[in-house]
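What's counted below: heavy atoms across the whole structure, side chains too, no hydrogens, waters or symmetry copies.
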Amino acid sequence: MTSRLPSDPVLAARALAWIRQSRESDCDRIEPWEHGTVLRASRYPQWYDLNVVRVEDDPGMSAAELIAFSDRALDGLDHRTISFEVAGAAEPRLADFAAAGWRVTRLIWMHHEGPRPHPEGERVTEVPYDAVAGLRTAWHHEDFPGHDAAEFHAHAREVALARGTRVLAIVERGEPIGFAGLDPARDGIEIGAVYVLPAYRGAGRGTALTRAAIAAADGIEHLWICADADDRPKELYMRLGFVPVLATVDLIRLPHPS
């Protein structure tokens with residue numbers, strides 16, 4: 001997927017600015033290092049994306065050297081996160097990170113182009129942030145089984161409410177079974193989450209949620225979504241008008257489950 005990204009340097013640069021803005025806005029320590037920036041959010045130590053070593057070029061360092069640097073830069077935290085802004089710079093090192101127990105996620109950042117689709121009927125409604133707390137927990141356990149996410153979600157909730165995040169959900173038989181989040185910032189909005197419980201997948205609910213989220217951002221020029229480059233949702237997003245513009249790589253090492 002990364003090799004087929006369209007060549008649009010303006011949109012790629014805008015996507016990179018969006019990522020930086022969304023991460024830096026809640027950090028109280030933003031410190032340059034030789035190959036990028038170290039971000040720390042003292043108030044939110046369990047939020048992985050806000051406490052990160054950002055690699056902004058090809059550092060010419062081995063995976064072991066980068067891990068050692070992250071241990072120093074993120075000292076005092078339970079996790080380690082390294083984010084490569086240039087996916088190609090990460091690729092030669094990914095096998096070594098995986099062998100060292102790090103989770104590797106190749107990401108595709110996508111920008112919506114063209115007309116916004118209409119939502120599908122009445123099946124998606126806007127709900128309070130806390131209405132889908134159980135779905136957020138289920139999603140976290142799918143991605144990180146065995147890890148206590150209570151503090152992470154408390155931090156995420158505080159930031160989301162301060163930012164004015166909106167939540168759309170599909171409710172069936174009185175219970176939410178899927179949701180999408182809309183995270184606004186200075187010059188755009190990101191569909192920051194689309195999740196459907198496993199038992200309800202494959203029946204168009206994810207499509208309905210994404211369409212509704214796109215429609216809810218009507219009037220916003222820059223609409224973003226991020227997809228796992230190795231998973232299928234990116235294909236749905238492209239069918240709904242999103243264009244891939246930037247490839248990045250995130251690496252995370254969580255503490256061992258207690």
Quiz prompt | Sequence-distant partners of R205, side-chain hydrogen bond (donor to acceptor under 3.5 Å, both in side chains), two or more places apart | solution = E172
Quiz item: So do R166 and P184 actually touch side chain to side chain, heavy atoms under 4.5 Å?
Solution: no
Quiz prompt | Which residues share a salt bridge (charged side-chain N to carboxylate O under 4.0 Å, His left out) with E151, sequence neighbours left out | solution = none
Quiz prompt | Shortest non-hydrogen contact from N51 toward A41 | solution = OD1-N, 2.9 Å
Quiz prompt | M238 side chain near P244 side chain, heavy-atom distance below 4.5 Å | solution = yes
Exercise. Could you give me the CA-CA distance, side-chain angles and deciding distance for R40 and D28, then say whether salt bridge (Lys or Arg N to Asp or Glu O under 4.0 Å) is met?
Key: CA-CA 6 Å; R40 297 285 296 259; D28 57 341; over 6 Å; no
Self-check item: Nearest non-hydrogen partners of V127 and A169, listed with the distance
Solution: CG2-CB, 3.8 Å
Quiz item: By side-chain hydrogen bond (donor to acceptor under 3.5 Å, both in side chains), which residues pair with D96, not counting sequence neighbours?
Solution: none
Quiz prompt | Enclosure of E113 CD (heavy-atom neighbours >12, cutoff 6.0 Å) | solution = yes
Exercise answer: donor-acceptor pairs, residues 190-197 side-chain atoms, under 3.5 Å, sequence neighbours excluded:
{"unit_1": "E190", "atom_1": "OE1", "unit_2": "W18", "atom_2": "NE1", "d": "2.9"}
{"unit_1": "Y195", "atom_1": "OH", "unit_2": "E142", "atom_2": "OE2", "d": "2.6"}

Quiz item: Can you get from I108 to V86 by hopping between Ile, Leu, Val, Met, Phe, Trp and Tyr side chains that sit under 4.5 Å apart?
Solution: no
Practice problem: Taking salt bridge (charged side-chain N to carboxylate O under 4.0 Å, His left out) as the test, write out the residues that go with D228, two or more places apart. | Solution: none
Self-check item: Closest non-hydrogen atom pair between A208 and R123, with its separation
Solution: CB-CD, 3.7 Å
Self-check item: Side-chain heavy atoms of I189 within contact of W224, under 4.5 Å
Solution: no
Quiz item: Is R157 salt-bridged to D130, going by a charged N under 4.0 Å from an acidic O?
Solution: yes
Quiz prompt | Gap between atom CG of L240 and atom CG of L236 - 0.5 Å precision | solution = 4.5 Å
Quiz item: Taking C-beta and beyond as the side chain, do R43 and H155 meet within less than 4.5 Å on heavy atoms?
Solution: no
Quiz item: Under the salt bridge (charged side-chain N to carboxylate O under 4.0 Å, His left out) test, which residues partner R54, sequence neighbours left out?
Solution: E24, E56, E85
Quiz item: Linking I/L/V/M/F/W/Y whenever their side-chain heavy atoms sit closer than 4.5 Å, directly or via other members, would L135 and V171 fall into one cluster?
Solution: no
Exercise. Calculate, to the nearest 0.5 Å, the distance between atoms NE2 and CH2 belonging to H153 and W47 respectively.
Key: 10.5 Å
Quiz prompt | K234 side-chain N/O to A227 backbone N/O, donor-acceptor pair under 3.5 Å | solution = no
Self-check item: Linked hydrophobic residues, W33 as query - side chain contacts closer than 4.5 Å
Solution: V38, V53, V55, M61, L66, I67, F69, L74, L77, I82, F84, L94, F97, W102, V104, V249, L251
Practice problem: Start with the C-alpha distance between L168 and T125, add both sets of side-chain angles, then the distance that settles side chain to side chain contact (heavy atoms under 4.5 Å, CB included), and finish with yes or no. | Solution: CA-CA 5 Å; L168 306 175; T125 58; over 6 Å; no
Quiz item: Between F152 and Y48, is the ring centre distance below 6.0 Å?
Solution: yes
Practice problem: Quick one: list whatever passes ring pair (Phe, Tyr, Trp, His ring centres under 6.0 Å) with F179, sequence neighbours left out. | Solution: none
Self-check item: Test item: R136 and V167 side chains (from C-beta on) under 4.5 Å apart, heavy atoms
Solution: yes
Self-check item: CG on L246 to CG on L11, rounded to 0.5 Å
Solution: 10.0 Å
Quiz item: Does the side chain of T137 reach to within under 4.5 Å of the side chain of W139, using non-hydrogen atoms?
Solution: no
Quiz item: Closest heavy-atom contact between A212 and V124?
Solution: CB-CG1, 3.6 Å
Quiz item: When the ring centroid of F242 is compared with that of H111, is the distance short of 6.0 Å?
Solution: no
Quiz item: Roughly how far apart are D78 CG and R253 CZ, rounded to 0.5 Å?
Solution: 11.0 Å
Quiz prompt | Flag, side chain of T165 to backbone of L161, donor-acceptor distance under 3.5 Å | solution = no
Quiz item: In chain order, what residues pass the salt bridge (charged side-chain N to carboxylate O under 4.0 Å, His left out) check against R173, with sequence neighbours excluded?
Solution: none
Quiz prompt | Test side-chain hydrogen bond (donor to acceptor under 3.5 Å, both in side chains) applied to H35 - qualifying residues, sequence neighbours left out | solution = D57
Quiz item: Just wondering, are more than 12 heavy atoms of other shown residues or ligands nearer than 6.0 Å to CZ in R201?
Solution: yes
Quiz item: For S25, what residues pass the side-chain contact (heavy atoms from CB on, under 4.5 Å) criterion, not counting sequence neighbours?
Solution: R163
Quiz item: Looking at R23 and C27, what are the two nearest heavy atoms and their distance?
Solution: O-SG, 3.1 Å
Exercise. Please step through salt bridge (Lys or Arg N to Asp or Glu O under 4.0 Å) for the pair R93 and D58, ending with a clear verdict.
Key: CA-CA 11 Å; R93 304 167 173 87; D58 190 330; 3.0 Å; yes
Quiz item: Got a sec: does the CZ of R14 have more than 12 other heavy atoms crowding it under 6.0 Å?
Solution: no
Quiz item: Taking ILVMFWY side chains as joined if any heavy atoms are under 4.5 angstrom apart, and letting links pass through other members, which residues group with L39?
Solution: I30, V52
Practice problem: Nearest 0.5 Å please: distance from the OH atom of Y200 over to the CD1 atom of I177. | Solution: 6.5 Å
Quiz prompt | Option among D250, T105, T37 that satisfies the side-chain hydrogen bond (donor to acceptor under 3.5 Å, both in side chains) test with S83 | solution = D250
Quiz prompt | Smallest separation among heavy atoms of A185 and Q21, with atom names | solution = CB-NE2, 2.9 Å
Quiz item: If you round to the nearest 0.5 Å, how far is CZ of R103 from CD1 of I252?
Solution: 8.0 Å
Exercise. Decide if atom CD of E31 counts as having more than 12 heavy atoms of other residues, nucleotides or ligands within a radius under 6.0 Å.
Key: yes
Quiz item: V132, Y129: one ILVMFWY side-chain cluster at the under-4.5 Å cut-off?
Solution: yes
